[in-house]
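Notes follow the structure.
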Amino acid sequence: MKTLPSCGEKQRSHTQADRSMPRRPAPVTGPERGRRCMAAAKVRWHREYPSRPHSQGIAQSIWSVMISRTLAADLPRHVGERTRIAGWLHRRRELKSVTFLVLRDRSGLAQVVLTEPSAIAATAGLPEETVLDVVGTVTANPQAPGGAELTEPTVTALSDPAKPPPFDLYRPAARATLPTVLDHASVALRHPKLRAPFEISAASVAGFRATLDELGFTEIQTPKIVESATESGANVFGIDYFGRPAYLAQSPQFFKQAVVGVFERVHEVGPVFRAEPHDTTRHLAQYTSLDAEFGYITDHRDVMVVLRDVIAGMVASVAARAAAAVELLDVTLPVVPQAIPQLHFAEAQELLAANSGEDPRGEPDLAPAHERWLSEWAAREHGSDFLFVTGYPMVKRPFYTHPDPARPAYSNSFDLLFRGLELVTGGQRLHRYSDYLAALAARGGNPAAYESYLSTFAHGMPPHGGFAIGLERWTARLVGASNIRETTLFPRDLNRLSP
RNA sequence: GGCCUCGUGGCGCAGUUGGUUAGCGCGUCGCCCUGUCACGGCGAAGGUCGCGGGUUCGAGUCCCGUCGAGGUCGCCA
């Protein structure tokens, strides 16, 4: 750590007057100079701040002060005003007689101009990523990025001088490999381009919720610690639950079905856990599942209609709420067709056999390469980034899957492919108690193990179905990320448990 | 888990058929530059090449093991 030149002795206590706004441009001398030096050096005045006595009987919480600051993006609307901004020192550019500080806050970047020699000296030692509070005059200037900048500033450090980040955060592109980014996630993700996918992710979730709320769905939260494995049974994380064996939930499937009997229509955004040893660019041990389940459907096609609207709502929300991130990443948002093209599983295999040079007929599932081919086919033939593949063979689907009444070897289920990747699985579920008993018997399952789940159906359930969207996969396909870890803040996978 | 590839200063890379003091860019530090905006210029520090073992007169450079990483396939969201 570096101490600023000429700093040291001139420190003083801080009063409300120091923080009052607006502040007149003040010559940076004497106590003021000392205060800046102190802030830039080892004294952490801000830690005293919450307990500072309020002058004039005005109760001013730290929150009201911090939140009252102007965001970088709003600076052009405050031209001529004395204004406070706060953020990370994104970049410092020192020229002979003028120094530019570029501050980064959650809204964007703002330029601060220092011309006073003493002010320049006072900030000279501030490393990038140091958190600063700047009060200055918003000045319109065509030379300034965004058309406005802060002049005659008073700069105060809110953090200790920051340790240099593992790579340059201010460059247009983040020049770091994925492992480096992941190892230093909390700092690395500050890079605007590394942060942007998560803004898109958040907007997607907002769109998911908004669309389903509009359709009368109730948002639910279900346990992530469960007594028995949900799906295939294997690949679950076992935990010690007060001395009893338990598992991390692989899916909210059983619970969301159960409460269809309560609310008719439910959705949930939550984590799911898969202990599958799949070390790929599209698998995580924990990911976020966007689930929906609802009753009184005719069959899986009703589910597909709702899913189509949900996807469209997510895209619209991204466009509306994450426009800056979309632009920064140069994302091409997909057009969601009113009717997403669909292929039956058997048709898909015929199509592949006839055109792709491979013959997957007879296989119970589609390989990733087949999914990519089919996605390209949908884009080519139908101009769609999306493709429904319906009617997957029952043998490859979980026991609660509803068969196609006309072709019982096939199911009333579907996958939604998005830009070559399996994004959603959904379908109609069994809803009759007797069908569950039969399905379990046919698969050699033990009804006793599913007693509480099955009892729901014994008490009367409507025909129902639902789907689950993999959030990180969705975002990855949207932003063109080649690895799902690029759209996961702190990924958990076969090898990574930290940070 | 199978297969392929990689592991060189904080970051991103180069290191020819194994051979004297391991290079480059960025960053860092110092000096210089009236307005930059991936600013620019000059200089300096910082690595013994993931780890262990082996081959060799000599290994970052070949072999074995090990740990870590990336890709790919199976499978999945």
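No hydrogens, no waters, no symmetry mates; every other heavy atom, side chains included, goes into these values. Sequence lines set the chain letters: A, B, ... in the order given, protein chains first and strands last, and positions in each chain run from 1.
Distance check on atom C1': B:rA44 versus B:rG54 gives 40 Å, rounded to whole Å. Nucleotides B:rU48 and B:rU21 place their C1' atoms 12 Å apart, quoted to the nearest Å. Nucleotides B:rU16 and B:rC76, compared at atom P, are 45 Å apart to the nearest Å. Distance noted for atom C1' between B:rC11 and B:rG65: 30 Å (whole Å). Taking atom C1' on both nucleotides, B:rC24 is separated from B:rA14 by 7 Å, rounded to a whole Å. Separating the C1' atom of B:rU8 from that of B:rG23 is a span of 11 Å, rounded to the nearest Å. When the C1' atom is compared between B:rG71 and B:rG58, the two are found 36 Å apart, to the nearest whole Å. B:rA22 and B:rG46 have their C1' atoms separated by 14 Å, given to the nearest Å.
In this structure, A:Leu114 atom CG and B:rC37 atom C1' are separated by 15 Å, rounded to whole Å. Between A:Glu128 atom CD and B:rU36 atom C1' the separation is 13 Å, expressed in whole Å. Counting to the nearest Å, the P atom of B:rA77 and the NE2 atom of A:His267 are 20 Å from each other. Atoms NZ (A:Lys96) and P (B:rC42) sit 18 Å apart, rounded to a whole Å. The CZ atom of A:Arg171 sits 8 Å away from the P atom of B:rC26 (whole-angstrom rounding). When the P atom of B:rG27 is taken as reference, atom CG of A:Leu89 falls 15 Å away, rounded to whole Å. The distance between atom CG of A:Leu109 and atom P of B:rC37, rounded to the nearest whole Å, is 15 Å. Rounded to an integer number of Å, the gap from CG of A:Leu497 to P of B:rC67 is 18 Å.
Stacking of A:Tyr287 onto the six-membered ring of B:rA77 is present: less than 5.5 angstrom between centres, less than 30° between planes. Stacking of A:Phe100 onto the six-membered ring of B:rU36 is present: less than 5.5 angstrom between centres, less than 30° between planes.
In terms of the ring pair (Phe, Tyr, Trp, His ring centres under 6.0 Å) criterion, A:Phe100 has no residue partners (sequence neighbours excluded). Judged as a side chain to side chain contact (heavy atoms under 4.5 Å, CB included), and not counting sequence neighbours, the contacts of A:Ser375 are A:Leu417. In this view, A:His267 and A:Phe208 satisfy the ring pair (Phe, Tyr, Trp, His ring centres under 6.0 Å) rule, not counting sequence neighbours.
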field: RNA chain B base-pair string [pairs: Watson-Crick or G-U under 3.5 Å; |: paired with another strand]
entry: (((((((..((((.....[...)))).(((((.......))))).....(((((..]....))))))))))))....

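Looking at which nucleotide of RNA chain B each of A:Asn141 and A:Glu422 is closest to, the 5′-most match is held by A:Asn141. The residue among A:Ser482 and A:Leu416 whose nearest nucleotide of RNA chain B lies closer to the 5′ end is A:Ser482.
The main-chain N or O of A:Leu194 is never found under 3.5 Å from a side-chain atom of A:Arg190 such that the two would form a donor-acceptor pair. Distance alone, capped at 3.5 Å, is enough to place a donor-acceptor pair between the A:Ser107 side chain and the A:Ala73 backbone.
Of the residues in residues 174-200 of chain A, those placing a heavy atom less than 4.0 Å from an atom of RNA chain B are A:Arg175, A:Ala176, A:Thr177, A:Pro179, A:Thr180, in numerical order. A heavy-atom distance below 4.0 Å to RNA chain B is reached by none of the residues of residues 329-337 of chain A.
For A:Phe237 and A:Tyr247, the ring centers are positioned 6.0 Å apart or more.
Among the protein residues, A:Thr281 comes within range of the sugar-phosphate backbone only, with heavy atoms under 4.0 Å from sugar or phosphate atoms but none that close to a base. Using a 4.0 Å heavy-atom criterion, one finds that A:Leu284 contacts the bases of the nucleic acid, with or without backbone contacts as well. Across all strands, A:Arg397 comes closer than 4.0 Å to no nucleic acid atom at all (heavy-atom distances). As judged by a 4.0 angstrom heavy-atom cut-off over every strand, A:Val102 is placed among residues making no nucleic acid contact. Residue contacts shown for A:Thr425 are limited to sugar-phosphate atoms, with no base heavy atom under 4.0 Å away. Note on A:Ala369: nothing from the nucleic acid sits closer than 4.0 angstrom, heavy atoms only. A:Leu95 comes within 4.0 angstrom of a nucleotide base, judged by non-hydrogen atoms across all strands. Here A:Pro127 lies out of heavy-atom contact (under 4.0 Å) with every strand.
Residue A:Gln111 has no polar side-chain atom (N or O) positioned under 4.0 Å from OP1 or OP2 of B:rU36. Proximity of A:Ser97 to the phosphate of B:rC33: no side-chain N or O atom is located under 4.0 Å from OP1 or OP2. Dashed line: the shortest gap from a side-chain N or O of A:Asn483 to OP1 or OP2 of B:rG71 is under 4.0 Å. Phosphate proximity of B:rG27 to A:Tyr170: present, with a side-chain N or O under 4.0 Å from OP1 or OP2.
A:Arg84 contributes atom CZ, which lies 10.0 Å from atom CZ of A:Arg82 (distance to the nearest 0.5 angstrom). Once rounded to the nearest 0.5 Å, the distance linking OH of A:Tyr170 with CG of A:Leu89 reads 11.5 Å.
The one candidate from A:Asn141, A:Thr137, A:Thr139 that meets the side-chain hydrogen bond (donor to acceptor under 3.5 Å, both in side chains) condition with A:Thr151 is A:Thr139. Each of A:Arg473, A:Lys396, A:Arg397 was checked for a salt bridge (Lys or Arg N to Asp or Glu O under 4.0 Å) with A:Asp415, and the lone residue meeting it is A:Arg397. If you run side-chain hydrogen bond (donor to acceptor under 3.5 Å, both in side chains) between A:Arg429 and each of A:His464, A:Glu293, A:His300, only A:Glu293 comes through.
On a pure distance criterion of 3.5 Å, no polar donor-acceptor pair joins the side chain of A:Glu94 and the base of B:rG35.
Counted by atom type alone, A:Thr177 and A:Thr180 present one or more donor-acceptor pairs between their side chains at under 3.5 Å. In this model, no donor atom of one side chain and acceptor atom of the other lie less than 3.5 Å apart for A:Ser413 and A:Gln428.
Aromatic ring pairs are classed by plane angle as parallel below 30°, tilted from 30° to 60° and perpendicular above 60°; the pair A:Phe388 and A:Phe414 is perpendicular.
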message: One pair to check against salt bridge (charged side-chain N to carboxylate O under 4.0 Å, His left out): A:Lys256 and A:Glu268. What are the steps and the verdict?
response: CA-CA 8 Å; A:Lys256 68 176 183 174; A:Glu268 175 170 18; over 6 Å; no

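For A:Arg91, the side-chain atoms get nearest to B:rG27 when compared with the rest of B:rU36, B:rG27, B:rA77.
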